[in-house]
Amino acid sequence: MRNVTHHDVVIVLGYPVQSQKNILQRRLARALRYATSRHITVIIVSGKGRIGAEESTYMATWLKQHRFTGELIEEDQSRDTVENLLNVKIICKKQGFHSPVVVTSWFHIIRTWFLLRRLFFAFSLIPSSGGTLKLFITDIALIPRTLHRLTTLTNHRSAT
């Protein structure tokens, strides 16, 4: 794994659209600021979610409404972070992206880092604001289960 300073794509991980804490909107605002300041013209929004509106559709609409004029790629099949990153890796490979920057909430950075270091050679992470210490503790507790799910899904996909 190597951290990079020049990125060719921004990836925004989904979060439930109905969140009362505006966590998803904060991720999107952070991604938009970063993409604009670095002249990155492609953003991948990822997430189907488990309940309610599809996260990727909401995110793409939000970015358009906030004047992102570049290319938006929607990954709309994943239900959790593991599926987000597995599906986004496939998109990056097909599109020829080699140095993604992933935007997620500060409380989600550590678990996301563990997944990214197994899936991508070069990547960077950018935290957005919002969330609580309780969300951070919950996310840390999910790391073993998340890594097991990654191994299971990776083995299943390579067998098919």
Side-chain angles (χ1 to χ4, degrees), residues 1-4 7-31 34-35 42-60 62-63 72-95 97-160:
M1 186 252 341
R2 116 184 119 88
N3 198 5
V4 293
H7 304 101
D8 50 11
V9 65
V10 174
I11 298 166
V12 187
L13 298 181
Y15 195 82
V17 174
Q18 294 80 10
S19 169
Q20 297 295 338
K21 297 174 179 64
N22 296 322
I23 289 171
L24 185 56
Q25 293 85 354
R26 290 174 188 225
R27 289 181 186 183
L28 292 164
R30 184 69 176 105
Y34 189 83
V42 181
I43 297 178
I44 300 173
V45 291
S46 180
K48 177 179 183 175
R50 294 178 187 218
I51 54 173
E54 287 189 2
E55 295 163 9
S56 65
T57 302
Y58 173 85
M59 291 190 286
W62 190 98
L63 287 165
L72 288 167
I73 300 173
E74 289 186 54
E75 183 288 304
D76 61 0
Q77 298 302 305
S78 57
R79 296 167 296 166
D80 59 31
T81 305
V82 174
E83 290 179 12
N84 281 149
L85 294 173
L86 285 169
N87 292 341
V88 162
K89 181 179 180 179
I90 293 167
I91 292 170
C92 285
K93 187 175 182 178
K94 286 181 182 175
Q95 297 286 330
F97 299 127
H98 301 288
S99 55
V101 58
V102 178
V103 178
T104 191
S105 303
W106 69 269
F107 63 83
H108 195 234
I109 286 283
I110 294 173
R111 185 161 59 107
T112 303
W113 180 85
F114 274 105
L115 292 167
L116 284 170
R117 73 183 199 124
R118 286 167 173 77
L119 294 171
F120 288 91
F121 174 70
F123 66 87
S124 295
L125 275 162
I126 296 180
S128 65
S129 61
T132 62
L133 183 57
K134 181 178 179 180
L135 286 171
F136 175 74
I137 292 167
T138 301
D139 213 67
I140 293 296
L142 289 172
I143 290 172
R145 187 175 78 176
T146 299
L147 295 176
H148 177 14
R149 179 158 162 69
L150 175 64
T151 302
T152 302
L153 282 176
T154 303
N155 290 340
H156 174 73
R157 287 184 179 193
S158 64
T160 57

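- A 6.0 Å sphere centred on CZ of Arg118 holds more than 12 heavy atoms belonging to other residues, nucleotides or ligands.
- A heavy-atom distance below 4.5 Å is found between the side chains of Arg149 and Glu83.
- Side-chain atoms of Ser46 and Asn84 include a donor-acceptor pair closer than 3.5 Å.
- Between the side chain of Arg30 and the main chain of Ser129, no donor-acceptor pair closer than 3.5 Å is present.
- Rounded to the nearest 0.5 angstrom, Leu142 CG and Asp80 CG are separated by 10.0 Å.
- Counting heavy atoms from C-beta outward, Phe123 and Arg117 have side chains that approach closer than 4.5 Å.
- A donor-acceptor pair shorter than 3.5 Å can be found between the side chains of Glu75 and Asn87.
- For Tyr34 and His7, the gap between ring centers is short of 6.0 Å.
- Glu74 has its side chain within reach of Thr57: a pair of non-hydrogen atoms, C-beta onward, lies under 4.5 Å apart.
- Atom CG of residue Leu115 and atom NE2 of residue His108 lie 7.5 Å apart, to the nearest 0.5 angstrom.
- The distance from atom CG of Leu63 to atom CG of Leu28, rounded to the nearest 0.5 Å, is 5.0 Å.
- Counting heavy atoms of neighbouring residues, nucleotides and ligands inside a 6.0 Å radius, atom CD1 of Ile110 does not exceed 12 of them.
- Listed here is the closest heavy atom pair of Leu24 and Leu13: CD1-O, 4.1 Å.
- Listed here is the closest heavy atom pair of Ser56 and Val45: O-CG2, 3.5 Å.
- The minimum heavy-atom distance linking Ala122 with Pro100 is given by the pair O-CD, 3.3 Å.
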| said: Using the rule given for side-chain contact (heavy atoms from CB on, under 4.5 Å), can you reason through Val12 versus Trp62, listing the C-alpha separation, both sets of side-chain angles and the distance that settles it, and then say yes or no? | reply: CA-CA 12 Å; Val12 187; Trp62 190 98; over 6 Å; no
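- Heavy-atom minimum distance, Gly14 versus Met59: CA-CE, 3.8 Å.
- Just one of Leu147, Thr146, Leu150 meets the side chain to side chain contact (heavy atoms under 4.5 Å, CB included) condition when paired with Phe114; it is Leu147.
- Expressed to the nearest 0.5 Å, how far CG of Leu125 lies from CH2 of Trp106 amounts to 14.5 Å.
- Atom-to-atom distance recorded for Lys89:NZ and Lys94:NZ is 13.5 Å, nearest 0.5 angstrom.
- Nearest heavy-atom pair across Thr132 and Phe107 is O-CB, 4.4 Å.
- In terms of modelled atom types and a separation under 3.5 Å, the side chain of Asp139 and the main chain of Leu135 share no donor-acceptor contact.
- Side chains of Leu85 and Thr112 form a contact here, defined as non-hydrogen atoms less than 4.5 Å apart.
- Rounding to the nearest 0.5 Å gives a distance of 15.5 Å between OG1 of Thr104 and CH2 of Trp113.
- Residues Cys92 and Ile11 form a side-chain contact, since some pair of their non-hydrogen atoms from C-beta on lies under 4.5 Å apart.
- Panel note: side chain Asp8, backbone Ser99; a donor-acceptor pair is recorded below 3.5 Å.
- Summarising the geometry of Val10 relative to Ala31, their closest heavy-atom pair is CG1-CB, 3.9 Å, with the distance given to 0.1 Å.
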